[in-house]
Amino acid sequence: MFKTKISKVLGVVLTAAMVLSMFTVAAPVAAANQDWSKISLPGSGATGGYVVSTPSVRFDNIGILEWNADKSAVYATAEYDGVMCVFKSTDSGRSWKMVFEDGAVYTLAASGRIFDMVASSVNANEVYFTDGHDIFTTKDGGATWNKMSNLYTYAASNFVTAIPTGIIVTLDTAVVGATKYIFAGTASLGVAPGANGVYMCQETAFGMSWTDLDVINQRETAWGGCNVWDVVVDPTDFATKQGVIAVAEDTTVGSEATYITAKYFGNQWNMPSTCIDTAVEENNTDSITGIYHAELWLPSDFNSNVASGKFQGWLALQTSAGQGDVYLWYGNTLTTIDLNVRGYSAGVGTATEVTDIDGIGGIADARLIIGGYNIATASAPLTWYSSDRLTFSANVKAPTGAASSWGLSVATVTVLAMGDYNTSGKALAGTAGWDCGVSYTADFGKTWNTISMMRQAIVSVDNMAGNLFIVTSDYAEESVWRFSDGVYERVFSTSMVSEDGTTIDVAVSPAGDALFVATINGTMVWRSLVDQTTGKLGQIFTAQVSSITTVDSAALINSWFVSNANTILIGGNNVVYQTSTNGVLWFIRTCSVGIVTSFAVSTDGSTLVAGGSTGAISKSVDGGITWGTATAATTITSSVPVVTFQNGSNSVVYLTGENGGAFKYDFAATTPAWVQIDNAVTTGETFDSGAYADVDNGVGIFSGIASGGNVLYVLDGTWDNVIRITNVGTSYKAGIIPAPATAGSATKLIGAAAPGANVLYGIFDDELYVYTDKMAVPVANVQATKITTTGFTITWDALNVDNSNITVEYYIVITDAATAVKVCYGLPTGAGTTTATTLKVTGLDEDTVYQISVWAVDPVMSFVGTASVATQPEKLTYTFNLMPTNGASNVPVKPVFAWDSVVTAVSYDLVLSTDPTFADATKVLATKNLTTNYWAYDGTLSNSTSYYWKVRVNTANSTSEWFPAVFTTVKADAAPVEVNNPPAITLTVPQAETPAYIWLIVAVGAVLTVAVIVLIVRTRRVV
């Protein structure tokens, strides 16, 4: 307390329909893409924040939880590896730093136990604790510790009254100005009581001398002996009243009794004018003896003036004789009031021992948190909560823990309220013994989850589900962890229940409204619904009212599947046990696949399949009520097959198993049959196919979302890697995702499907890893640019995997579209890959259509990105007999354009302009698309003017480059030339097989014909 007195399997696979609803927030790690990243689980030791134990070094006996002055840090005492230590937490008990270890610098007394710890009320770095003999203090937040003046050594030489015979069991401090005072109470623990009392030391005085405040004798009638179980200074006005309050036991033979006694203003104890002794009596009648521990809690507005109405406190009492409880104390009254935290019946209070009490608030508004146990089951920790400070509510889900090894074999529970406990309900509890730890509540102690200093270790990770529930195993106990709001909490432990079976498993309903825990090879199932206080799953678990044994006494849970918050399927031997009432009623459904080892559901939720030990599967379309005839077995049977639906399909199922292989079955096929796909990769260039890209021992299977095909992931338990199989149609390509470098044996694969980024969770021994596959997409925006007659440049978008540590490599294949002949693999210089996103290709045939295929092939293969491109046909040149020729002069103002025809041409483009760049559209005289290889200008050009023209060839595949030319028209004469009906020019286009010299003759003839016409015209000119 803070002393306010000092101011097995989920069928191995969860399919996409379920998983998408599960992983809605980030896992506790920045998930690397195309590489495994380890998910941080609750850690052990100094580097792990002392959250869990290691198998060889265990926590035990968490004894005290204490705030520092400003509540920025919590200090705790606990045994670690059998040695008493002090730990410090600056995150409200989530993780710890060891600040004191017995024997490292100082050695504690023979008991090796810390009996009390108290923090300074004014200095956040100042803390004190006692081992029963010495008092240690730190002034620097635990970095260093010093011993104070020894009470016993000093008393032996200087005390004139009785030297304490017991040990120091309680401490408190006070500050008056610059003077610090330390108060210690002693008691004889487990032995005959003697002369004990309250002792005071002025810490800042030279020699730190001790004063006996003499509880035994400074009273009207001296006691025969004394034990002091708690000492508290007045928390509000000690400097004025010098009030010291103690829970003291009068051990006088024959008149043993327990009192809350106080002294004020330096007077003796039990002064009627200020504060008489108040007897603590069980059921308000019986004197109490045999005290083992006491804690007095005072409200924040405590006032020792009786008239104030605030002179009161609450006493938590633990005894060895069943007289413990919470007692209400009013100052200056004769007896306390037994509040009976567990009720009162037939004149006798139920036997409850209370080991600690804490709270936040004042007399009128304080809320209390109490820890203890029922004496009938003394090794089970319990807590209670009170909002009115008079009545108490017991926890529904207690902190885990057991009997302490300190003296009595009972549960020792220490509690610590958070600073806002009275409004938030947040508090910590520390326990001892088997499965001890520091637990956390956010609902005023109704439900507790263990968060740190756990005795249990994480030896293996068994499964995971939802967002984010993880099953881990110790050698003897198993735990379910919830990752929420950035922190882990253990929400279930087999130490909480009496489970059967060999292990436990966890599953979340597809709607996310129920969490289930089941015992594999057992019969039990527990359910947790969304808690109304915290809004979370996993706060309270309730066992089903009946189990599968009600319909089959020999039934065991081999595999299981959760359809919704009430419907569960459990795999048996050629049967499925089904309930739609969360276990109120169970039914047997025939499913003839041998021992049912795995279930899967289609993406749309309409279809279920069950896989069994025969290697066959059976289908259900009514939620598991009826099952169809089993399929044939796979060619390689497996005793533990696991199945999954192809993402987006309700007919295609994939299966793998311990005997290897990955198989596909399509219920909708004309002739359904198993097809093995892991070793059926395409021959030749298979890109990411490894030499051993086949499944030897399938322990997990998952179908993800892919753009451009399908992608299947199979976890191989022999090689500890993932076989990644992509397929488009019937073409399969298998590659390998290597195991994490530091991982152990692979056991489970669980996936979350998402467009462009499938997330895989892999379990390897005691570690959990995540892998984000962002390469299940096609290479995008494949294009060909800078196209020539013999090649082009290929460009594509980089496949972004969002990880600077990943280098993506690409593979390119170029295929002749007409012949399907691959003319180029990898790079033009030979087979290989490139990390660039551009590639220049040369040496191809002209005017030919090619198919470009681009894959990212490293670290794994993407789907193909494609483009179709044709090389250019040869462009026209001078040798194609262009007319007018380039640079010609004296060209008629009504020219005829002609060139040699091209066999593959389907048309020609011609542009005539006065702009040599052809850029100015206002200067373009003609733009033609021609099916002939000639064209007569249908206008009249200007004389003595340069004109620019260009022509190109269009084929069925492509377009050639432009061939440009220039000519100058004839000069103008004195008088215009009149031409009357010149004969038409007809050009006959020769066939492709016409010899070249014939073309030459025709061209020359045409030129001579034009020349003759010109001469005739000139001879007819009028002079």
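As the structure is a prediction and not an experimental result, all values here were calculated from the model.
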Under 3.5 Å, is there a donor on one side chain and an acceptor on the other for [X] and [Y]?
| X | Y | answer |
| --- | --- | --- |
| Tyr732 | Lys664 | yes |
| Tyr811 | Asp858 | no |
| Asn697 | Asp716 | no |
| Asp847 | Thr955 | yes |
| Asn933 | Ser901 | no |
| Asp773 | Asn33 | no |
| Thr833 | Glu809 | yes |

Is the centre of the [X] ring less than 6.0 Å from the centre of the [Y] ring?
| X | Y | answer |
| --- | --- | --- |
| Phe897 | Trp949 | yes |
| Trp899 | Tyr934 | no |
| Phe963 | Tyr878 | yes |

Tell me whether [X] contacts the main-chain N or O of [Y] through its side chain, where contact means a donor paired with an acceptor under 3.5 Å.
| X | Y | value |
| --- | --- | --- |
| Ser862 | Ala856 | yes |
| Asp915 | Asp920 | yes |
| Trp674 | Ala632 | yes |

Heavy-atom side-chain proximity of Leu941 to Leu925 below 4.5 angstrom: yes
Pairwise side-chain contact, Met775 with Val777, heavy-atom cut-off 4.5 Å (strictly under):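 Of all side-chain heavy-atom pairs linking Val777 with Met775, none is under 4.5 Å.
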Face-on cation placement of Lys619 at Phe667 ring, 6.0 Å and 45° thresholds: yes
NZ or CZ of Lys950 within 45° of Phe918 ring axis and under 6.0 Å: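 Yes.
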Those residues that, when tested against Thr742, pass side-chain contact (heavy atoms from CB on, under 4.5 Å) (two or more places apart): Glu767, Tyr769
Asp797 versus Val779, closest heavy-atom pair with distance: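 What the structure gives for the nearest pair is O-CG1, 4.0 Å.
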